[in-house]
Amino acid sequence: MEVLLVSTNKIDRSVLETFKEELENKGIKSYTMIEIVHVSLTAYDWDRGVFNASKVIEILSSRVPSLSGMLIFGLFSPEMEYGNKRPECIVRGNLFLLSIGNMRKNGMTDLFTYIKNNINKFIQGNNCYIIS
């Protein structure tokens with residue numbers, strides 16, 4: 001298995017490096033792309049005060065090539081909403097959109113420890129909303 005880590009809007013490089021290190025500790029080859037995708041305010045729901053996860057993953061999928069056999073993780077700093085819920089991640093095919101803002105809202109206090117303790121959950125898509 002291989003993983004491409006994509007910075008969606010601005011993600012601190014140390015977050016990407018921690019994610020990459022934990023993947024590689026599990027024997028998973030990974031690559032990082034720094035701020036490859038910028039999500040504009042067209043994906044922001046002004047009435048609800050949060051990014052629309054469906055629009056964000058649509059933007060991400062239109063800008064990242066479909067790479068067969070590779071999981072693509074888009075790390076997104078702001079909070080996002082999908083169907084009146086604020087999931088940590090949503091999945092479409094091999095594309096995973098992870099919201100650090102939602103992780104914080106759900107009680108995460110130390111991002112680096114959280115990544116290390118939950119890397120298997122992310123890889124398996126546990127607690128993710130699956131969309132088509």
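Residues take their numbers from the sequence shown, with the count starting at 1.
- A donor-acceptor contact closer than 3.5 angstrom links the side chains of Asn84 and Arg48.
- The cluster map of Ile, Leu, Val, Met, Phe, Trp and Tyr, joined by side-chain heavy atoms under 4.5 Å apart, puts Leu41 and Val50 in different clusters.
- Considering every non-hydrogen atom in both Asn102 and Met80, the closest pair reads ND2-O, 2.8 Å.
- A pairwise comparison of heavy atoms in His38 and Ile59 identifies O-CG2, 4.2 Å as the closest pair.
- Annotation: Lys85, atom NZ; neighbour count of heavy atoms from other residues, nucleotides and ligands within 6.0 Å does not exceed 12.
- Counting only residues at least two apart or in different chains, ring-ring contact (aromatic ring centres under 6.0 Å, His included) contacts with residues 89-113 comprise Phe73-Phe96.
- The environment of CZ in Arg63 is crowded: more than 12 heavy-atom neighbours from other residues, nucleotides or ligands sit within 6.0 Å.
- Here the CZ atom belonging to Phe76 is positioned 11.5 Å from the CG atom belonging to Leu98, to the nearest 0.5 angstrom.
- Nearest heavy atom pair, residue Leu111 against residue Arg104, reads CD2-NH2, 4.2 Å.
- Using a cutoff of 4.0 Å between basic side-chain nitrogens and carboxylate oxygens, Glu58 and Arg92 are scored as salt-bridged.
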Could you pull out every donor-acceptor pair under 3.5 Å between side chains of residues 124-132 and any protein atom, sequence neighbours left out?
{"unit_1": "Gln124", "atom_1": "OE1", "unit_2": "Asn126", "atom_2": "ND2", "d": "3.1"}

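- Rounded to the nearest 0.5 Å, atoms CG (Asn9) and OG (Ser40) are 8.5 Å apart.
- Minimum interatomic distance between Lys10 and Ser77 (heavy atoms only, all atoms of both residues): O-CB, 3.9 Å.
- Taken from CD1 in Ile123 to CE in Met1, the straight-line distance is 6.0 Å, to the nearest 0.5 Å.
- Residues Leu75 and Ile11 come closest through the heavy atom pair O-CG1, 3.2 Å.
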